Amino acid sequence: MTLKLQDDSLIVSQAFINGDWVDADSDETLDVSNPATGELISKVSKCGTAETRRMIEAASVAQKSWAKTTVKERAALLRRWFNLIMENQEDLAQLLTAEQGKPLAESRGEIAYGANYVEWFSEESKRVYGDIIPQPSNDKRVMVIKQPVGVVACITPWNFPNAMLTRKIAPAIAAGCAVVCKPANATPLSALALMVLAERAGFPAGLVNILTGRTADIGAEMTSNPLVRKVTFTGSTPVGKQLMAECAATVKRTSMELGGNAPFIVFDDADIDSAVQGAMISKYRNAGQTCVCSNRILVQSSVVEEFTAKFTEAAKQLVLGNGDKEGVTVGPLIDQKAAVGVCEFIDDAVAKGATVVMGGGMSSLGGYFVEPTILANVSRDMRVFSEEIFGPVAPIFTFESEDEAIEMANDTEFGLAAYFYSRDVGRVYRVAEQLEYGIVGINEGIISNEMAPFGGVKESGSGREGSKYGMDDYMDIKYMCVGGIDK
Ligand code: SIN
């Protein structure tokens, strides 16, 4: 193992269950490798059903005491965790780049982004208000309180191995829940390092638990065990649907942050330079591997030439390479399957008549590197219109009118993020209100932050993460009716 951190104790391979670091019952392990080099970084425990059941039972016990803590105690614990994450930002970023591939600058950004959710929910824990409701008759009083849902299972993806976990754990802990976590097998080290810091922050045994291993077995136990009262998942729509179906048997609450097919619309009245800047960040961030990445760039025909020329010029400045190298702005994709899959999108479009403006396939760097690509002359029958690309490919579609742009943008089963650029105030409201998406970026390509509600509509999921709404997903509403008040 060549990865060296300032604090090597952040690199762990065991599961964290009930306050102890433990191996899998079978002693089996999974390899974790660097997507930029293929080099083995570490091994982690290959746990299964039995270990999952044990961590759920531990969480269930811990949750009962945790629910009795004051909101000030919860806030203080989360604040200590936040401080430790930020104190270890550089090590956590190095670890993230090594296992996930994104450029170091983006990894540093993700650690701060993830920590922001911890800080935010440490503050929000003090603002879980109930209600007093006017009574229907004078001998009664009607009150509403909010209580923690109980044990929460968090299943997280490889594209943001740090931030997707903190934005689930932090509101759960702030609400008085306990958590059991399963990070993606491709990127478990960032998640395990977060647990090392949670232990140092003083989380009581059993309050946060994590294991790595057999995804299907762990998922099945999490969704079927009656002690788990909520499952929160970030990942693909097909897997989300399967988890929701499994959760139905025990009527668990679910929050699903699923796939996207974001339109990025450039109207003829837009500031084209600013639209180019927004498209660059929203398309090529994390090599195009985010659920909110622009998937379809829709440009009004009168400005398509100018936009394409400027966008291509900007994209030519991207530097593809190993994320730990100075100056690299686009890293590898997560694995071979992903790289091949993204190239198949390009091949499909080209076979149906698309023109390659830039890039066009696997990079000469080899491995899992795909060239930042721009496609013109694309049409709706191509896969890039209807499916999530999850890679550095930008197809540029054209449209003639506002109505056509809205119709094209909404012509998908997904509804996570959409973006548009216009300087016409009336158009800004008309278009924003008609886009069938949970998040709309208006003259802005970066929409994620802990203070805003992140989540989708249609088949992009349910629930919201972050913001003042984010706590509600981890709380049950209880209505209390007090009678016998009149003498
Ligand atoms: C995601 O890709 O699921 C999350 C992206 C973000 O938080 O910006």
Side-chain angles (χ1 to χ4, degrees), residues 96 100-103 105-121 154-171 181-184 186-187 190-191 194 231-240 243 254-264 278-295 330-331 333-334 338 342 387-393 414-419 437-441 444-467 469-470 473:
L96 207 165
Q100 202 276 339
K102 64 179 67 174
E106 279 194 43
S107 292
R108 292 185 187 112
E110 179 178 338
I111 303 305
Y113 175 46
N116 286 344
Y117 283 99
V118 180
E119 182 185 49
W120 173 260
F121 284 110
C154 309
I155 306 176
T156 52
W158 50 261
N159 63 341
F160 288 86
N162 176 293
M164 296 304 99
L165 197 55
T166 56
R167 86 177 180 193
K168 296 183 190 314
I169 296 177
C181 308
K182 162 69 178 71
T187 56
S190 297
L194 278 172
V231 173
T232 168
F233 170 69
T234 296
S236 75
T237 294
V239 175
L243 294 171
T254 58
S255 290
M256 295 284 148
E257 203 267 90
L258 308 177
N261 180 359
F264 185 101
M280 285 296 297
I281 189 76
S282 101
K283 176 70 254 182
Y284 294 112
R285 171 180 174 229
N286 199 10
Q289 303 172 109
T290 88
C291 301
V292 292
C293 271
S294 300
N295 208 56
V330 181
L333 298 192
I334 190 68
V342 168
E387 296 176 42
E388 187 174 31
I389 303 168
F390 234 62
V393 179
F414 295 107
L416 185 55
Y419 308 84
Y437 288 84
I439 306 167
V440 181
E444 180 56 60
I446 281 284
I447 38 66
S448 310
N449 66 73
E450 78 284 4
M451 298 179 207
F454 191 103
V457 299
K458 293 162 76 177
E459 294 192 20
S460 287
S462 59
R464 292 293 177 271
E465 297 193 305
S467 81
Y469 305 103
D473 278 31

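Every value quoted in this text rests on a predicted model; they were computed, and no experiment measured them. Counting convention: from 1, in listed order, for ligands and their atoms alike.
Atom CE of M164 sits about 12.0 Å away from atom CD1 of I169, to the nearest 0.5 Å. N162 contributes atom CG, which lies 4.5 Å from atom CG of L194 (distance to the nearest 0.5 angstrom). To the nearest 0.5 Å, the span separating OH on Y117 from CG on N449 amounts to 6.5 Å. Residue L258 holds its CG atom at 9.0 Å from CD of E459, rounded to the nearest 0.5 Å. The OG atom of S190 sits 6.0 Å away from atom CD1 of I111, with the distance rounded to the nearest 0.5 Å.
Annotation: cation-pi pair K168/F233 absent, no NZ/CZ under 6.0 Å from the ring centroid and within 45° of its normal.
The contact shell of ligand 1, taken as protein residues with any non-hydrogen atom closer than 4.0 angstrom, comprises Y113, N159, F160, M164, R167, T234, E257, R285, T290, C291, V292, S448, F454.
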